[in-house]
Visitor: 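Take a look at the following structure, please.
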There are 2 protein chains.
Amino acid sequence: MEDGTSKSLGHCGDTDDDYDVLQWDTREDCEVRQILDRIADKWSLLVIALLDQRSLRFTELRRKIDGISQRMLARTLRHLERDGLVSRTVHPVVPPRVDYELTPLGASLHHTVRALVTWTEKHQNEIAVARSAYDVRVVVEQEAAEKEAVRREAMARGVLAGGR
Amino acid sequence: MEDGTSKSLGHCGDTDDDYDVLQWDTREDCEVRQILDRIADKWSLLVIALLDQRSLRFTELRRKIDGISQRMLARTLRHLERDGLVSRTVHPVVPPRVDYELTPLGASLHHTVRALVTWTEKHQNEIAVARSAYDVRVVVEQEAAEKEAVRREAMARGVLAGGR
DNA sequence: CAGTATCCGCTACGATACTG
DNA sequence: CAGTATCGTAGCGGATACTG
């Protein structure tokens with residue numbers, strides 16, 4: 001619907017008095033943030049990765065991406081098209097046929113996306129281990145806290161009893 | 001939600017009759033998808049990128065990340081901690097001091113995150129151009145469609161008038 | 001300072017129905 | 001087939017208040 005791209009800026013990285021080595025602006029309205037949020041959303045990564053293999057039709061994408069609704073696929077594709085990452089080709093035949101493929105810009109992104117996916121695949125076991133370790137720690141700490149509470153209460157009662 | 005299928009996972013990439021070169025499972029419940037969604041969310045990328053510079057305290061992070069609420073920062077940090085990407089160190093002093101830093105695992109991710117950010121910075125102008133081009137196209141097409149509609153209506157009325 | 005707890009609005013998203 | 005339009009809902013995320 002609306003779209004707040006009224007900002008003229010071209011590079012928004014060097015303003016605050018308090019910034020340091022960070023090479024990238026963290027401000028909310030920064031264009032980089034916006035683009036990043038768009039690219040790194042739930043479906044875009046999937047679509048980009050799939051389209052790198054070859055161009056695909058709407059329904060092919062739909063079938064390949066488990067759990068996506070037409071709505072979200074259409075939305076995602078339009079966003080990617082708008083950002084110039086994906087091109088849309090309508091073949092005037094019946095039944096209608098629409099092909100999606102990565103633009104050169106999109107293809108250049110894919111290299112990075114692939115790296116991210118590869119990293120995730122490579123480390124998913126470590127992450128799984130870390131998660132269970134964390135979950136165990138939380139439970140243990142909770143139990144310890146409960147015992148501590150009981151102990152204190154008992155002590156307080158002891159003091160009370162002694163003071164009478 | 002439900003998950004009735006007894007998957008022989010361990011590696012979940014090769015089941016359907018219709019799969020191709022894609023090296024990564026697109027299914028919703030796949031662990032890779034879940035991890036990706038977590039890493040690539042609105043704040044995680046920021047936090048990881050910031051922590052690569054040096055370890056930071058809670059409030060330092062809060063101040064550096066424009067627009068984040070305590071709630072989201074705490075949430076994000078706990079998620080990252082749970083996934084073993086960030087370590088949390090409590091210094092028992094007053095006032096309390098808590099340092100966050102990347103674990104080796106988190107540091108290895110950062111390399112990839114950095115690549116993503118760099119790509120975005122590099123191509124933000126191209127994307128901006130693509131966007132305005134797209135927006136113009138949409139407006140033009142809309143206007144054309146409206147004129148077409150008017151034309152047809154006029155023709156229809158003409159036919160009606162002639163047929164009377 | 002470094003959080004957690006509570007409330008709550010907004011919108012992202014899915015399900016469904018309809019169009020060219 | 002390739003979408004758009006409409007509606008209902010769940011949960012993301014912000015604001016505020018409270019704790020250790």
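Keep in mind that this is a model prediction, so the values were computed, not measured. Chain A is the first sequence line, chain B the second, and so forth, proteins listed ahead of strands; every chain is numbered from 1.
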Visitor: Could I get the full list of salt bridge (Lys or Arg N to Asp or Glu O under 4.0 Å) partners for R137(A), not counting sequence neighbours?
Guide: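 R137(A) satisfies salt bridge (Lys or Arg N to Asp or Glu O under 4.0 Å) with E141(A), E81(B) once adjacent residues are dropped.
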
Visitor: Output all residues satisfying side-chain contact (heavy atoms from CB on, under 4.5 Å) with H111(A), sequence neighbours left out; order by chain, then residue number.
Guide: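 For H111(A) there are no side-chain contact (heavy atoms from CB on, under 4.5 Å) partners, ignoring immediate neighbours.
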
Visitor: Which of residues 95-103 of chain A have a heavy atom under 4.0 Å from DNA chain C?
Guide: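 By residue number: P96(A).
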
Visitor: Listed by chain and number, what are the side-chain contact (heavy atoms from CB on, under 4.5 Å) partners of V93(A), not counting sequence neighbours?
Guide: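 With sequence neighbours excluded, V93(A) shows a side-chain contact (heavy atoms from CB on, under 4.5 Å) to H91(A), R97(A), given in chain and number order.
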
Visitor: Could you check whether R62(B) gets within reach of a base, just the sugar-phosphate, or nothing at all, counting any heavy atom under 4.0 Å?
Guide: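 It contacts nothing in the nucleic acid.
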
Visitor: Taking it one step at a time, do R82(A) and D135(B) satisfy salt bridge (Lys or Arg N to Asp or Glu O under 4.0 Å)?
Guide: CA-CA 8 Å; R82(A) 186 168 111 101; D135(B) 292 345; 2.6 Å; yes

Visitor: Return the set of residues passing side-chain contact (heavy atoms from CB on, under 4.5 Å) with A74(B) (not counting sequence neighbours), or none when no residue passes.
Guide: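 Per chain and number, A74(B) pairs via side-chain contact (heavy atoms from CB on, under 4.5 Å) with F58(B), R78(B).
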
Visitor: Got a sec, which residues hit ring pair (Phe, Tyr, Trp, His ring centres under 6.0 Å) with W43(B), two or more places apart in sequence or on another chain?
Guide: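 Partners of W43(B) by the ring pair (Phe, Tyr, Trp, His ring centres under 6.0 Å) criterion come out as none, since no residue qualifies.
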
Visitor: Do L73(A) and V47(A) come within less than 4.5 Å of each other through their side chains, counting heavy atoms only?
Guide: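 Yes; the side chains approach each other to less than 4.5 Å.
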
Visitor: Where along residues 66-84 of chain B does a heavy atom come under 4.0 Å from DNA chain C, residue by residue in number order?
Guide: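 Hits under 4.0 Å, by residue number: Q70(B), R71(B), A74(B), R78(B).
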
Visitor: Axis-to-axis angle across the helix from dC1(C)-dG20(D) to dG20(C)-dC1(D), five pairs an end, to 10 degrees?
Guide: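 One end's axis against the other's: 40°.
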
Visitor: In chain order, what residues pass the side-chain hydrogen bond (donor to acceptor under 3.5 Å, both in side chains) check against R131(A), with sequence neighbours excluded?
Guide: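 For R131(A), the residues satisfying side-chain hydrogen bond (donor to acceptor under 3.5 Å, both in side chains) (neighbours in sequence not counted) are D83(B).
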
Visitor: Along DNA chain C, 5' to 3', what are the outermost nucleotides having an atom less than 4.0 Å from a heavy atom of chain B?
Guide: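 Range of nucleotides touched by chain B: dC1(C) to dT6(C).
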
Visitor: Not counting sequence neighbours, which residues clear side-chain hydrogen bond (donor to acceptor under 3.5 Å, both in side chains) with R88(A)? List them please.
Guide: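 Here the qualifying residues are Y100(A).
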
Visitor: Given side chains that start at C-beta, do those of V117(B) and L36(A) come closer than 4.5 Å, heavy atoms only?
Guide: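 Yes, close enough: below the 4.5 Å cut-off.
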
Visitor: For residues L45(B) and D37(A), determine if any side-chain heavy atom of one lies less than 4.5 Å from a side-chain heavy atom of the other.
Guide: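 No, their side chains stay 4.5 Å or more apart.
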
Visitor: Tell me the ring-ring contact (aromatic ring centres under 6.0 Å, His included) pairs involving residues 113-140 of chain A, sequence neighbours left out?
Guide: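 Qualifying pairs: W119(A)-H123(A).
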
